[in-house]
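These notes are about the structure you will find just below.
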Amino acid sequence: MVAAMTGEISYLNESARRQLNRPRCQASSVPTLKDVVSPTFAPVFAEQVLPAVTRSGMWCGNGCLAVRGGEPLFVSLRVQGVPAVGGSTQVIVHARDLRSPNSPELKNISALPSRESDARFTAIFEQASVGVAHADSITGEFIEVNRAYAGFLGVAPEDLNGMTFMDVTYPGDLALDLHKMDQLRRGEIRQFTIEKRYLLRDNTSRWVNLTVSPMWQPGESPTTHVAVIEDITERKIAEGALRDNTSLFRTLAGVAPVGIFRLDESNRCIYANDRCVELAGLSRGKIMDSGWIHQIHGDDRDRVAGALDDLVHSSQTFREEFSFVHPCGRQVFVIAEARPVLDDRGGAFGFIGTMVDITERHAAEIRRHELEQSLRQAQKMEAIGRLAGGVAHDFNNLLSVIVGHSDLLLDETEVGSPTWESLEEIRKAGDQGASLTQRLLAFSRNQASKRERVSINEVVCEFDGMLRRLIGEDLELVVELGARVPQIEGDADQLGQALVNLAVNSRDAMPDGGRLVISTGATILSKRQEERHPDAPMGAYAVLRVSDTGTGMDRDTQSRIFEPFFTTKSREKGTGLGLSIVYGTVRQCGGFVAVETEEGEGTTMELYFPEAINAVEASTETLDVPSGVSMEGTILLVEDDPGVRRLTARVLKRHGFEVLAAEHPGDACRIVEAFSGQIDLVLTDVVMPHMSGPEFAEWMAKERPQAKVLYMSGYTEDVIADRGIKGRHLSILQKPFHASTLIESIRSVLNA
């Protein structure tokens, strides 16, 4: 049926016309709701049904309709309000005959005729699948119950004779039941529905949905009532299990170390546990709906929002890494995963997910990346250092030939002649080349150096005056010396040169003037700092810091500043070896260099030197050459470079020595075994194939113990020490050398 709220029926379907005995007729004679509602049910319809439809749009229950010319029809009703044209409201009434074999229940019966006058009611009463009881409203005593009611209680219908509903009600639910019955008797309510428990014969209890309706007689107050029960025990058990599961979920979610959230089918947050709220950095109120999306870092927000949209439309798994920016500025990195929650048909009606804090992992990955970069840089610098050392060694051999032959030719040429001037220029160029190789050796940590206790404060003070003249008056130089700066092991001259190189770089970075600060201090290298410099052991360090307000450097430039010959200056202003020398000097002392710089923000170079433990004086020393020493004797020359070997042999022979020349130690061994005379001196290179110079010297000490040894090398005594003869007194001739230097070194060793 379709009717207006005022009662006019605008439509009756064929089933309604047939059951209500309303044949088709003209529109003017269409019945109203008042005509089709039983008089006994009319007050309930007017006072409960229509107001409920007005409030909530729907009313469901049981009632009684009037059959034209027949007995009342007991039906299950659903009355729904719908908007009509013009802004009014219509009601659609669905009615189902409770006498139908397919009727599942009999509820809210608001008007029952006497059992004696309606045989149909008796059939419905007895055959109904739901429990129905007719009871006295004053005493609560059962008048009659159907089989379903008695069967629910586990008794026969006659067993309930003389008993009341109070006898079978669970004690804990009796107070509510009595209160509702009292309201019903006083007319405060016309019917009621509650959930309660009944006691069964086996002393167990079961839940029911109880609907109590009074028995109305025309002109009289109700004295009896009808109770209809529906077993809802399984539903209550399921609800209890759901409550327990919900409680368990909330408890677990409350203590879970990960964030847990739930989104509805529109991607709005409808639940978030405490950890999720904490990770997002929002209040619980703000995280609901879509507020948490706005808390995501701007670099990640669009990507995450797009992934969530894809999740809604595809119902696929969501997995994203992103970060929240808290109001305090703290950035929290998380990894979030979400999966769809499916209904019985496999459709998604929401999503549940987790958030895991990966801030520490993210920081660890950054540290690992930095360490990898640092390691790669160190390996690159080490490789470049080895290359530079090798090149310097080979270049020293070439320079030895150039310088040596220049000396020989100069001795044979008239001073002041054009040839003499050309030879002098050649020798000067050789000396300049030798200076260049010394710089390369400094970078590769193979430069000859003293190992003694050095105070960096004293080095800074000693070079203070030179630095002020060097940088000019347009730069402000500030020197800040720290207290209790530990002494270090190193070469004061090399440290001074490193300081000068840094100051020159700072000066060139401040062409329009600026401020240069040189400071010293002490620090303890901690575990965390050791991670940034894995090859630097923990302990006490002296720090030399040089800061300027110059142009600074970009990242690419910073990554290459210690490479030999790399420079951003013009050819006239630098060779690109200044910072290479600084790097080599610091590394030779066992320290490391830290750089802080930004374009336009200046540069700070920090040189870290480990505290001196057992510094030793350099093993080489300058020997005074006695006058009148003999220049005779036999020298065994061992040199793998043919040019250096020929030059050296020529110089030695010119000064009266007998020379036994060998290409390598194996060749020298054969010469010694075949030579029966006395060998006064072994002049040998240090690094040679198959056998090193020191190893050959040890063999020689057994064969000819009277022979003295003079080493010559493009490397240093550090390299010689690595060949297994640490601690011995060593005489070393550094390549390239002049002929005079060679002869004086030999004289010193022979007469020592």
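No experiment lies behind these values; they were computed from the predicted model shown.
Distance CG/Leu499 to CD1/Ile518: 4.5 Å, rounded to 0.5 Å. Atom CD in Glu698 sits 8.0 Å away from atom OG in Ser692 (nearest 0.5 Å). Of the inter-residue distances, the one linking Arg453 atom CZ with Glu489 atom CD reads 7.0 Å to the nearest 0.5 angstrom. Annotation: the span from Asn457 atom CG to Ser519 atom OG amounts to 10.0 Å, rounded to 0.5 Å.
When every heavy atom of Thr603 is checked against every heavy atom of Gly552, the shortest pair comes out as OG1-CA, 3.5 Å. Taking every heavy atom of both residues into account, Ala594 and Tyr608 meet most closely at CB-CE1, 4.0 Å. Taking both residues in full, the closest heavy atoms of Val332 and His326 are given as CG2-NE2, 3.6 Å, listed atom of the first, atom of the second, then distance. The shortest heavy-atom contact between Gly514 and Thr549 is CA-OG1, 3.5 Å. The two atoms that bring Gly281 and Gln295 nearest to each other are O-NE2, 3.7 Å, heavy atoms only. Closest non-hydrogen pair, Ala336 versus Met355, comes out as CB-CG, 4.0 Å.
For Arg319, the salt bridge (charged side-chain N to carboxylate O under 4.0 Å, His left out) partners are Glu337, not counting sequence neighbours. Applying the side-chain hydrogen bond (donor to acceptor under 3.5 Å, both in side chains) rule to Glu458 yields no partners; only residues at least two apart in sequence or on another chain are considered. Scanning for ring-ring contact (aromatic ring centres under 6.0 Å, His included) contacts around Phe463 gives an empty result, with sequence neighbours left out. Here Arg303 pairs with Asp300, Glu320 under the side-chain hydrogen bond (donor to acceptor under 3.5 Å, both in side chains) rule; sequence neighbours left out. Looking at residues two or more places apart in sequence or on another chain, you find a side-chain contact (heavy atoms from CB on, under 4.5 Å) between Ala509 and Thr551. In this structure, the side-chain contact (heavy atoms from CB on, under 4.5 Å) partners of Glu598, at least two apart in sequence or on a different chain, are Glu601. Applying the side-chain hydrogen bond (donor to acceptor under 3.5 Å, both in side chains) criterion to Asp474, with sequence neighbours excluded, gives no partner residue. Residues passing the side-chain contact (heavy atoms from CB on, under 4.5 Å) test with Asp641 are Asn397, Glu639, Val644, sequence neighbours excluded. Glu278 is linked by a side-chain hydrogen bond (donor to acceptor under 3.5 Å, both in side chains) to Arg275, counting only residues two or more places apart in sequence or in another chain. Not counting sequence neighbours, the partners of Val277 by the side-chain contact (heavy atoms from CB on, under 4.5 Å) test are Ala272, Arg284, Ile287.
Here the side chains of Asp310 and Phe318 are not in contact, with every heavy-atom distance at 4.5 Å or above. Put simply, the side chain of Pro736 does not reach to within 4.5 Å of the side chain of Ile402, judged on heavy atoms. Proximity of Val595 to Met553: side-chain heavy atoms (C-beta onward) are separated by under 4.5 Å at one or more points. Using a 4.5 Å heavy-atom cutoff, the side chains of Phe351 and Leu308 are not in contact. Side chains of Tyr711 and Pro694 form a contact here, defined as non-hydrogen atoms less than 4.5 Å apart. At a threshold of 4.5 Å between non-hydrogen side-chain atoms, the residues Phe609 and Val586 count as touching. At least one side-chain heavy atom of Glu321 sits under 4.5 Å from a side-chain heavy atom of Arg361. Side-chain contact between Phe322 and Val334: present, with at least one pair of heavy atoms (C-beta onward) separated by less than 4.5 Å.
With hydrogens and angles ignored, the 3.5 Å screen pairs no side-chain donor or acceptor of Asn273 with any backbone N or O of Leu252. With Ser506 contributing its side chain and Leu502 its backbone, the two residues share a donor-acceptor pair below 3.5 Å. Between the side chain of Asp464 and the backbone N or O of Val460 there is no donor-acceptor pair closer than 3.5 Å. With hydrogens and angles ignored, the 3.5 Å screen pairs a side-chain donor or acceptor of Arg587 with a backbone N or O of Gly591. For the pair Asp548 (side chain) and Leu516 (backbone), a donor-acceptor distance under 3.5 Å is absent.
For Asp357 and Thr359, the side-chain atoms include at least one donor-acceptor pair closer than 3.5 Å.
Sorted pairs that involve residues 245-263 and meet salt bridge (Lys or Arg N to Asp or Glu O under 4.0 Å), not counting sequence neighbours, are lacking altogether.
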| Could you walk me through whether Ile352 and Phe261 pass the side chain to side chain contact (heavy atoms under 4.5 Å, CB included) check? | CA-CA 6 Å; Ile352 190 166; Phe261 61 93; over 6 Å; no

| field | Criterion side chain to side chain contact (heavy atoms under 4.5 Å, CB included) on Ile488 and Leu495, from CA distance to verdict | value | CA-CA 11 Å; Ile488 66 173; Leu495 292 177; 3.6 Å; yes

| message | side chain to side chain contact (heavy atoms under 4.5 Å, CB included), that's the test. Do Val504 and Arg507 meet it? Break it down for me. | response | CA-CA 5 Å; Val504 169; Arg507 180 200 64 188; 3.6 Å; yes

| request: Start with the C-alpha distance between Val500 and Leu467, add both sets of side-chain angles, then the distance that settles side chain to side chain contact (heavy atoms under 4.5 Å, CB included), and finish with yes or no. | output: CA-CA 7 Å; Val500 170; Leu467 294 177; 4.1 Å; yes

Please tabulate, for the side chains in residues 476-485, all donor-acceptor contacts under 3.5 angstrom to protein atoms that are two or more places apart in sequence or on a different chain.
none

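Surrounding CZ of Arg339 are at most 12 heavy atoms belonging to other residues, nucleotides or ligands under 6.0 Å away.
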